[in-house]
Amino acid sequence: MKHTEQRNPNTMGLDKMTALEAVTAMNNEDKTVAFAVEKALPEIAQAVELVVDSFQKGGRLIYVGAGTSGRLGVLDASECPPTFGVPYEQVIGVIAGGKDAVFKAAEGAEDSGEYGVLDMKNINISDKDTVVGISVSGDAAYIYEALAYAKSMGAHTVALSGNPENRISQQAKVTIVTDTGAEALTGSTRLKAGTAHKMVLNMLSTVAMVRTGKVIENLMVNVAPTNVKLFDRAARICDTLTGMGVDAAKAELAKGRSIVEIVGDYEK
């Protein structure tokens with residue numbers, strides 16, 4: 001039996017617990033997630049290098065998943081343009097069942113390998129891309145066939161699973177396993193397993209962006225100042241890197257200039 005499908009001995013009495021007891025039990029389980037991710041850091045770093053290689057060749061990072069896994073991919077992809085100033089086409093989230101499945105469960109879609117291939121064809125996978133297949137069970141036909149097609153096209157392939165025994169790794173150059181074990185609610189992999197995968201995706205996209213020049217020190221110098229909060233953040237970043245003062249930075253940003261332009265001119 002898959003580790004994520006086993007019953008958790010620590011939460012057998014979940015239905016009899018008080019609210020405080022239940023959230024405490026879940027929190028205790030969640031404390032183990034970072035340690036599961038830690039064990040996979042070497043493989044996560046290998047995957048980052050594949051993504052960097054794709055970005056340097058003008059390729060893309062493509063997440064493909066179903067259910068919770070697919071939604072996590074869509075979430076991470078959607079955050080990259082505002083955070084790093086990259087085009088929406090550079091990081092893409094593909095979910096089994098299409099865009100509607102982001103908001104309404106289409107769990108049966110993960111069983112269709114045919115649609116996995118079709119969705120990869122529809123976004124014109126090439127040998128410049130890195131495709132990350134996300135499947136907690138590691139067996140979803142949709143992800144398996146999507147990775148197989150991407151591999152056949154020469155793309156880098158990464159398998160992200162929550163179980164050591166998984167099928168999608170057969171189609172991957174790098175396999176990442178975050179074995180978080182039995183869930184507090186048996187089989188509900190949106191809990192620990194999903195949290196672990198969210199952490200991994202954070203690392204893949206963030207570190208790949210850092211390594212391709214989207215960050216100075218630990219500052220997001222390509223952030224798009226599209227609202228009051230981000231405008232203020234951009235001004236503070238300019239001030240931190242130049243000492244020009246927040247008000248002066250805001251005046252420059254108000255002219256439509258980017259952080260990188262402002263900092264570059266100041267350094268000259």
Side-chain angles (χ1 to χ4, degrees), residues 2-4 6 8 26-56 59-65 68-77 79-80 83-84 86 90-93 129-140 143 147 150-151 155-184 189-220:
K2 298 287 187 183
H3 292 186
T4 50
Q6 295 172 356
N8 191 323
M26 290 183 67
N27 181 242
N28 287 336
E29 293 300 315
D30 287 343
K31 290 174 184 177
T32 69
V33 173
F35 294 108
V37 173
E38 182 180 27
K39 292 177 182 178
L41 290 178
E43 293 77 23
I44 296 170
Q46 290 174 33
V48 167
E49 296 296 356
L50 297 182
V51 178
V52 170
D53 180 64
S54 287
F55 286 169
Q56 290 175 337
R60 302 166 294 175
L61 167 59
I62 298 161
Y63 297 126
V64 55
T68 297
S69 297
R71 294 181 193 101
L72 289 172
V74 170
L75 173 62
D76 196 76
E79 294 287 352
C80 287
T83 304
F84 301 107
V86 297
Q90 186 169 333
V91 185
I92 299 173
D129 299 322
T130 294
V131 179
V132 179
I134 316 165
S135 172
V136 171
S137 72
D139 292 338
I143 290 92
L147 284 175
K151 182 180 178 181
H156 295 315
T157 52
V158 177
L160 173 57
S161 175
N163 286 286
E165 301 287 332
N166 69 81
R167 194 165 73 104
I168 62 173
S169 62
Q170 298 171 15
Q171 302 298 338
K173 183 176 293 187
V174 174
T175 297
I176 302 167
V177 176
T178 52
D179 186 0
T180 51
E183 297 286 3
T189 54
R190 69 188 181 88
L191 302 178
K192 290 191 299 183
T195 299
H197 285 181
K198 176 66 167 66
M199 293 171 70
V200 172
L201 301 187
N202 285 348
M203 292 177 184
L204 291 181
S205 58
T206 301
V207 180
M209 293 296 178
V210 171
R211 289 179 59 78
T212 51
K214 299 298 182 182
V215 172
I216 295 176
E217 296 177 359
N218 63 348
L219 299 171
M220 52 176 80

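For clarity, every value in this text was computed on a predicted model and none was experimentally measured.
Minimum heavy-atom separation, Ala196 to Thr180: CB-CG2, 3.8 Å. Here the shortest heavy-atom pairing between Gly133 and Ile168 reads O-CD1, 3.9 Å. In this structure, Ser137 and Ala140 approach most closely via the heavy-atom pair OG-N, 3.9 Å.
Annotation: side chain of Phe84 is not in contact with side chain of Thr212 (no heavy-atom distance under 4.5 Å). Inter-residue side-chain proximity for Val48 and Met203 is flagged as unmet; no heavy-atom pair is nearer than 4.5 Å. Considering only heavy atoms from C-beta on, Ile134 stays 4.5 Å or farther from Ile143 through its side chain. Inter-residue side-chain proximity for Leu147 and Lys151 is flagged as unmet; no heavy-atom pair is nearer than 4.5 Å. The side-chain heavy atoms of Thr4 and Asn163, taken from C-beta on, include a pair separated by under 4.5 Å.
For the salt bridge (Lys or Arg N to Asp or Glu O under 4.0 Å) test, no residue two or more places apart in sequence or in another chain qualifies with Asp30. Taking the side-chain hydrogen bond (donor to acceptor under 3.5 Å, both in side chains) definition, one finds that Thr130 meets it with Ser54, sequence neighbours left out. The salt bridge (Lys or Arg N to Asp or Glu O under 4.0 Å) test applied to Glu49 returns Arg211, not counting sequence neighbours. The side-chain hydrogen bond (donor to acceptor under 3.5 Å, both in side chains) test applied to Ser205 returns Asp76, not counting sequence neighbours. Evaluation of the salt bridge (Lys or Arg N to Asp or Glu O under 4.0 Å) rule for Asp179 yields no partner, not counting sequence neighbours. Partners of Leu191 under the side chain to side chain contact (heavy atoms under 4.5 Å, CB included) rule, at least two apart in sequence or in another chain, are Met26, Glu183, Leu185, Ser188. Residues meeting the side-chain hydrogen bond (donor to acceptor under 3.5 Å, both in side chains) test with Lys198, sequence neighbours left out: Asn202.
The salt bridge (charged side-chain N to carboxylate O under 4.0 Å, His left out) pairs that include a residue from residues 155-169 number zero, where partners must be two or more places apart or lie in different chains. Evaluation of the salt bridge (charged side-chain N to carboxylate O under 4.0 Å, His left out) test over residues 131-140, restricted to residues two or more places apart or in two chains, returns Lys2-Asp139.
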Contacts under 3.5 angstrom, residues 169-177 side chains, donor-acceptor by atom type, not counting sequence neighbours:
unit_1 : atom_1 : unit_2 : atom_2 : d
Ser169 : OG     : Asn166 : O      : 3.3
Ser169 : OG     : Asn166 : OD1    : 3.2
Gln170 : OE1    : Tyr144 : OH     : 3.4
Gln171 : NE2    : Tyr144 : OH     : 3.0
Lys173 : NZ     : His156 : ND1    : 3.0

Distance-only donor-acceptor hits, side chain of residues 31-38, under 3.5 Å, sequence neighbours excluded:
unit_1 : atom_1 : unit_2 : atom_2 : d
Lys31  : NZ     : Asn28  : OD1    : 3.4
Thr32  : OG1    : Glu29  : O      : 2.7

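Atom CD of Glu79 and atom OG1 of Thr206 lie 10.0 Å apart (nearest 0.5 Å). Here Tyr63 contributes atom OH and His197 contributes atom NE2; the two are 12.0 Å apart, rounded to the nearest 0.5 Å. Here the CG-OG1 distance, from Asp129 to Thr157, works out to 12.0 Å after rounding to the nearest 0.5 Å. Note that CG of Leu75 and OG1 of Thr68 are 12.0 Å apart. Values are rounded to the nearest 0.5 Å. Atom-to-atom distance recorded for Ile44:CD1 and Met199:CE is 8.5 Å, nearest 0.5 angstrom.
Counting only distance, with no hydrogens or angles, the side chain of Thr178 and the backbone of Gly162 share no donor-acceptor pair below 3.5 Å. A donor-acceptor pair is defined here as one N or O able to donate and one able to accept, closer than 3.5 Å; no such pair exists between the side chain of Ser69 and the backbone of Gly65.
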